[in-house]
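Below you'll find the structure, written out as structure tokens, and then a few comments.
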2 protein chains.
Amino acid sequence: MHSVQEKSKEKKLNTFKDVCKQHNIKLTPQRLIIYETLLDHPEHPSTDMVYQCVRKTFPTISFDTVNRTLLTLHELGVANIIEGTGNPKRYDGNVVKHHHFQCVKCKRIIDVFYTEYNSLPIPQDIQEKHRVQDITVRLQGVCDQCRDRSGK
Amino acid sequence: MHSVQEKSKEKKLNTFKDVCKQHNIKLTPQRLIIYETLLDHPEHPSTDMVYQCVRKTFPTISFDTVNRTLLTLHELGVANIIEGTGNPKRYDGNVVKHHHFQCVKCKRIIDVFYTEYNSLPIPQDIQEKHRVQDITVRLQGVCDQCRDRSGK
DNA sequence: TTGTTTGCAAATACTTTGCATATGC
DNA sequence: GCATATGCAAAGTATTTGCAAACAA
């Protein structure tokens, strides 16, 4: 399990290097470490969470660079932006199609891999009028931890 | 068509008055006009859009009151909060279950009424672990207007 | 070298909080 | 009359922009 993850991480980093070349953007150490950090944190960190983590090994990095880089990663298609209700943006380095469950209490985001959600039909009227590029399902509720805590 | 909408608006306003009583919150003119304005604007306005509109007939109202009232409406269950990518909250006075298509270019939000989305299955692993309260489908893409404009 | 990127600082956008005054019930 | 709500101001949080210096290619 661990080695599989490591392997896929290496693979992703290599892909990332290629993507940078293709888009003519420079492969700076900041970009690399930010992307790597994102891959290491599947818990959908916010910009600040990534910043705090990257700082540990790269103390001179600015929050600003982290923020811009995460947006760049999204533009490059190697990271997704997830947004909740009234919260900062959160990022996801896993671009394989999946969905999310978010806890309304602790704001935790849990990945939902469920193939049935990946082939939902598009309503005809929408389909005919607009260009639909993506469909995601968003589950909301109370996660196990919060339910246990509150006793509800 | 028009009369039906008007009728349902009256009905909603009456329901709103009841809901206020039930929750022991006061029926102020501000709250009424804000809710009414939200019902009159099915295009999912932001706080500022509602504020600009209410000001026209109620010039002394503060942005602040609009903001707090919209949050109150949401707490009362008569309005939903919709959030897009990197944008301010937007509100929806239509609490009948529905979904949204958002244009990635102009950020316009279009209602999607599609019964198939209202009874999606919940993945077993999620169902067993957490308490799922709501499922919404979010379509993203380019709307007809933006597609025409860009010629793509 | 050269155009991109970084780090810093300031600005902007959006939301929230504290509090005195006003007002619905 | 009393508790809640409003309006204002200020603070807080998140993000964006401008620019000189640093750096990848």
Side-chain angles (χ1 to χ4, degrees), chain A residues 13 16-37 44-52 54-76 78-79 81-91 107 109, chain B residues 13 16-37 44-52 54-55 57-76 78-91 107 109:
Chain A
L13 285 173
F16 178 58
K17 290 172 190 172
D18 290 344
V19 169
C20 285
K21 270 185 199 164
Q22 282 165 28
H23 290 260
N24 279 317
I25 78 154
K26 289 173 184 168
L27 195 67
T28 62
Q30 288 92 334
R31 281 180 177 153
L32 257 181
I33 197 173
I34 289 167
Y35 182 57
E36 202 181 339
T37 301
H44 316 87
S46 64
T47 305
D48 194 57
M49 292 170 190
V50 175
Y51 172 56
Q52 297 303 341
V54 172
R55 273 177 89 170
K56 289 175 191 162
T57 50
F58 200 133
T60 60
I61 205 164
S62 73
F63 174 87
D64 200 42
T65 299
V66 176
N67 186 46
R68 275 181 302 192
T69 301
L70 287 169
L71 292 172
T72 304
L73 294 179
H74 179 238
E75 279 167 26
L76 293 174
V78 298
I81 299 178
I82 306 163
E83 282 184 275
T85 300
N87 290 302
K89 290 187 181 75
R90 289 170 65 174
Y91 294 87
K107 310 299 179 193
I109 297 168
Chain B
L13 285 173
F16 178 57
K17 290 172 190 173
D18 290 343
V19 169
C20 285
K21 270 185 200 165
Q22 281 164 30
H23 287 80
N24 278 315
I25 79 154
K26 290 171 185 172
L27 195 67
T28 62
Q30 288 93 334
R31 282 181 176 151
L32 256 182
I33 198 174
I34 289 168
Y35 182 56
E36 202 181 340
T37 302
H44 315 87
S46 64
T47 305
D48 194 57
M49 292 170 190
V50 175
Y51 172 56
Q52 297 303 340
V54 173
R55 273 178 88 169
T57 49
F58 199 134
T60 59
I61 204 164
S62 72
F63 175 87
D64 199 42
T65 299
V66 176
N67 186 45
R68 274 181 302 191
T69 300
L70 287 170
L71 292 173
T72 304
L73 294 179
H74 179 238
E75 279 167 26
L76 293 175
V78 298
N80 286 328
I81 299 177
I82 306 163
E83 283 184 274
T85 300
N87 289 302
K89 290 187 181 74
R90 288 169 66 172
Y91 295 86
K107 309 298 178 194
I109 297 168

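Letters A, B, ... mirror the listed sequences (proteins, then strands); counts begin at 1. Both backbone and side-chain heavy atoms feed into the values below; hydrogens, waters and symmetry mates do not.
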Fill in the blank from the handout: Per atom distances to the B:P88 side chain, the nearest of C:dC14, C:dT4, D:dA14 is C:dC14
Handout entry: Listed nucleotide nearest any side-chain atom of B:D64, set D:dA9, C:dG24, D:dA25
Key = D:dA9
Handout entry: Heavy-atom donor-acceptor pair, B:R31 side-chain to C:dG24 base, under 3.5 Å
Key = no
Practice task
Go through D:dA5, C:dT15, D:dT16 for me and flag the one nearest to the A:L71 side chain.
Solution key: D:dT16
Exercise for the section: Taking all heavy atoms of B:V66 and all of B:I61, pick out the closest pair and write down the distance. Expected result: CG2-CD1, 4.2 Å
Exercise for the section: Would you please confirm or rule out a distance under 4.0 Å between OP1 or OP2 of D:dG7 and any side-chain N or O of B:T65? Expected result: yes
Exercise for the section: Look at the side chain of B:R68 and decide which nucleotide, out of D:dC8, C:dG24, C:dG7, has an atom nearest to it. Expected result: D:dC8
Completion exercise
Winner on side-chain proximity to A:K26, out of C:dG3, D:dG7, C:dT6, is C:dG3
Handout entry: Nearest heavy atoms of A:I109 and A:H44, plus distance in Å
Key = O-ND1, 3.2 Å
Practice task
Using whole Å, report how far CZ of A:F63 lies from C1' of C:dT6.
Solution key: 15 Å
Exercise for the section: Using whole Å, report how far CZ of B:R55 lies from P of D:dG7. Expected result: 12 Å
Exercise for the section: Begin with the C-alpha distance, continue with both residues' side-chain angles, and end with the deciding distance and a verdict on side-chain contact (heavy atoms from CB on, under 4.5 Å) for B:Y35 and B:V78. Expected result: CA-CA 9 Å; B:Y35 182 56; B:V78 298; 3.8 Å; yes
Handout entry: Taking every non-hydrogen atom, the tightest pair across B:H74 and B:N80
Key = CD2-CA, 3.9 Å
Problem - A:K89 (side chain) and D:dA14 (base): donor-acceptor pair under 3.5 Å - result: no
Practice task
Report the nucleotide, chosen from D:dT6, C:dT4, C:dT6, that has the shortest atom-to-atom distance to any side-chain atom of A:T28.
Solution key: C:dT6
Problem - Shortest side-chain distance from B:I25, nucleotide among D:dT17, D:dA5, D:dA24 - result: D:dA5
Problem - A:Q30 side-chain N/O to C:dG7 phosphate OP1/OP2 under 4.0 Å - result: yes
Problem - Closest contact, heavy atoms only, B:F58 versus B:P29 - result: CE1-CB, 4.1 Å
Completion exercise
Testing C:dT15, D:dA24, C:dG7 for proximity to the side chain of A:T60, the answer is C:dG7
